[in-house]
Amino acid sequence: MPDRAPQPVDRQLPTDEARDLISLVRDIAQHEIAPKAAEEEDAGRFPRENFTLLSRSGLLGLPYDAEYGGGEQPYEVYLQVLEELAAARLTVGLGLSVHTLASYGVAAYGTKEQQTEHLPAMLGGGLLGAYALSEPASGSDAASLRTKAVRDGDGWVITGTKSWITHGGVADFYTVMARTGEEGPRGITAFLVPGDAEGLSAAAPEKKMGLKGSPTAQIHLDGVRVGDERRIGEEGQGFAIALSALDSGRLGIAACAIGLAQAALDEAAAYATGRRQFGRPISDFQGLRFMLADMATQIEAGRALYLAAARLRDAGRPFARQAAMAKLFCTDTAMKVTTDAVQVLGGYGYTADFPVERYMREAKVLQIVEGTNQIQRMVIARHVAGPETR
């Protein structure tokens, strides 16, 4: 029914190289990712070959140093790549964001030796990462985590369970936060754990309402031994590393949310211009026109917000408040826009014949991952009104 092809987003990019990069990403998204997205999501199939292609194309390490195989692109550009991929299939866009998050510890806090040994394979060698902070009893209260790492000779023995791990069971490496000292945030240390480490196993993937192609699972660490050379940063620095990583990761989620919302708007606009009722396209009716206008405005506002935060990060300025704002606003926008897209399509929107019902189911999780939107409001309020009184 749709007879109006969506127009590519008109992006403001800083260099010709960035414009060529976006062109490459659009080609991959259009020809390699989008055609199989609906079928594979319905089947719950993880598209590992997509990530292999992204790695071969130099897209798995975009914001990191070229010295180690990264693309050395500013976050302003990297996030727009994420948006393009998420518009084609959220599993892929979100997966790249999580991989970037998992690589952050070594890239930002690792020693020169660690970076030289591990980053080339992470950023361009086909490996895929996962980030292991949450636990069954410590979600938003991440500083209360219970997974322990105990000194054993010149290494560590890690025991515990991590939950809600994107790429759990398929990742080649995990950035794991474990308790090595006192209670609270100062007793946590970060470790780089190989995906095939003895004693590491994954539970069956969670059965989710959306993102069925992206495995989310508990991982169990039963006496996993790692050398001290796999400790990231100093002992007790793990929670600070985790929070620093999440500031950047929230921008990735914001960009993915806008990509998903853009895909929903494109579908709704195409349907509305092609569907005729009462002798004319339903896009002629003011009620629908205003819905589409509001959807487009919210998307543009979200895109401007995450890009403003990214530019602060690129300039080396504080951006935690803006990252929380971007994550909050963009994911709420994705939920609103995808819900409205279902409404535009009417009964057809509620069927699997069109992708908007899938978009709506996928949008919900973006309000939860990497800090719920209630947590984002707490972060923002602390910047505005100061810390809570006890």
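Here the structure is a predicted model, which means the values were calculated and not measured.
- Glu39 CD: 12 or fewer foreign heavy atoms inside a 6.0 Å radius.
- Under a hydrophobic-cluster definition in which Ile, Leu, Val, Met, Phe, Trp and Tyr are linked whenever side-chain heavy atoms come within less than 4.5 Å, directly or via other members, Met360 and Ile368 are assigned to different clusters.
- A cation-pi arrangement is absent between Arg311 and Phe319 under the rule of less than 6.0 angstrom and at most 45 degrees off the ring axis.
- Separation of the Tyr68 and His118 ring centroids does not fall under the 6.0 Å cut-off.
- Side-chain atoms of Glu229 never come within 3.5 Å of backbone atoms of Gln114 as a donor-acceptor pair (strictly under, hydrogens ignored).
- At least one side-chain heavy atom of Glu206 sits under 4.5 Å from a side-chain heavy atom of Trp164.
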- Task: Step by step, work out the side chain to side chain contact (heavy atoms under 4.5 Å, CB included) result for Tyr306 and Gln80.
- Result: CA-CA 10 Å; Tyr306 87 63; Gln80 293 186 79; 3.6 Å; yes
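- Closest approach of Lys327 and Thr331 over heavy atoms only: O-OG1, 2.6 Å.
- For the pair Asp314 (side chain) and Tyr75 (backbone), a donor-acceptor distance under 3.5 Å is present.
- By the neighbour-count criterion of 12 heavy atoms within 6.0 Å, atom CG of Asp141 is densely surrounded, having more than that number from other residues, nucleotides or ligands.
- By the 6.0 Å contact criterion, CZ on Arg26 is enclosed, its count of non-hydrogen atoms from other residues, nucleotides or ligands being greater than 12.
- Between Glu300 and Arg303 there is a salt bridge, since a side-chain N of the basic residue sits under 4.0 Å from a carboxylate O of the acidic one.
- Checking side-chain atoms of Tyr78 against main-chain N and O of Tyr64 turns up no donor-acceptor pair under 3.5 Å.
- Side chains of Gln262 and Asp266: a donor on one and an acceptor on the other come within 3.5 Å.
- Both Val337 and Leu292 belong to a single network of hydrophobic side chains, linked directly or stepwise wherever heavy atoms of I, L, V, M, F, W or Y lie under 4.5 Å apart.
- Side chain of Asp172 to backbone of Leu128: a donor-acceptor contact under 3.5 angstrom is found.
- The environment of Glu49 atom CD is dense: over 12 non-hydrogen atoms of other residues, nucleotides or ligands sit within 6.0 angstrom.
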- Task: Could you walk me through whether Tyr104 and Ser244 pass side-chain hydrogen bond (donor to acceptor under 3.5 Å, both in side chains), step by step?
- Result: CA-CA 9 Å; Tyr104 176 87; Ser244 179; 2.5 Å; yes
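- Tracing side-chain contacts under 4.5 Å through hydrophobic residues (I, L, V, M, F, W, Y), one reaches Leu60 starting from Val170; they form part of the same cluster.
- Glu17 CD: 12 or fewer foreign heavy atoms inside a 6.0 Å radius.
- A salt bridge does not link Glu41 with Arg361: every distance from a Lys NZ or Arg NE/NH1/NH2 to an Asp or Glu carboxylate oxygen is 4.0 Å or more.
- Of the possible polar contacts, none joining the Lys208 side chain to the Glu362 backbone as a donor-acceptor pair under 3.5 Å is found.
- With Thr297 contributing its side chain and Ala293 its backbone, the two residues share a donor-acceptor pair below 3.5 Å.
- Placement of Leu21 and Leu251 within a single hydrophobic cluster is found when ILVMFWY residues are connected by side-chain heavy-atom separations under 4.5 Å, directly or transitively.
- Under a 3.5 Å cut-off, the side chain of Gln237 and the backbone N or O of Ile232 do not form any donor-acceptor pair.
- Lys162 places no side-chain N or O within donor-acceptor distance of the main-chain N or O of Tyr131, the cut-off being under 3.5 Å.
- In this structure the side chain of Arg151 reaches within 4.5 angstrom of the side chain of Trp156, judged on heavy atoms.
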- From CA spacing to verdict: side chain to side chain contact (heavy atoms under 4.5 Å, CB included), Ser201, Asp222: CA-CA 8 Å; Ser201 62; Asp222 185 11; over 6 Å; no
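- In terms of modelled atom types and a separation under 3.5 Å, the side chain of Thr351 and the main chain of Gly347 share no donor-acceptor contact.
- The OG atom of Ser57 sits 10.5 Å away from the CG atom of Asn50 when rounded to the nearest 0.5 Å.
- The pair Glu135-Arg179 does not count as a salt bridge, with every side-chain nitrogen at least 4.0 angstrom from each carboxylate oxygen.
- Side-chain contact check for Arg276 versus Pro281: some heavy-atom pair is nearer than 4.5 Å.
- Atom CG of residue Leu328 and atom OG1 of residue Thr372 lie 10.0 Å apart, to the nearest 0.5 angstrom.
- Residues Lys36 and Pro47 fail the side-chain proximity criterion, which asks for heavy atoms closer than 4.5 Å.
- Taking all atoms of both residues into account, the shortest heavy-atom contact from Phe46 to Pro215 is CD1-CD, 3.4 Å.
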- Show your working on side chain to side chain contact (heavy atoms under 4.5 Å, CB included) between Arg11 and Leu13 and close with a plain yes or no. CA-CA 6 Å; Arg11 301 193 180 279; Leu13 296 162; 4.0 Å; yes
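- Hydrophobic clustering keeps Leu192 apart from Leu200 (ILVMFWY residues linked when any side-chain heavy atoms are closer than 4.5 Å, directly or through intermediates).
- Put simply, the side chain of Tyr271 reaches to within 4.5 Å of the side chain of Ile282, judged on heavy atoms.
- We find that Arg186 and Glu235 are not joined by a salt bridge, their nearest charged nitrogen and carboxylate oxygen being 4.0 Å or further apart.
- A salt bridge between Arg250 and Glu370 is absent, with no side-chain N of the basic residue lying under 4.0 Å from a carboxylate O of the acidic one.
- The CD atom of Gln322 sits 9.5 Å away from the CD1 atom of Ile380 when rounded to the nearest 0.5 Å.
- In this structure, the side chain of Gln367 does not engage the main chain of Ala363 through any donor-acceptor pair within 3.5 Å.
- Residues Arg146 and Ser138 fail the side-chain proximity criterion, which asks for heavy atoms closer than 4.5 Å.
- Side chains of Val92 and Leu96 form no contact here, defined as non-hydrogen atoms less than 4.5 Å apart.
- Under 3.5 Å, the side chains of Gln115 and Glu67 contain no donor-acceptor pair of N or O atoms.
- Side-chain atoms of Ser248 and Arg313 form a donor-acceptor pair, as typed in the model, at a separation below 3.5 Å.
- Under the 4.5 Å side-chain criterion, counting only non-hydrogen atoms from C-beta, Leu211 is not in contact with Thr216.
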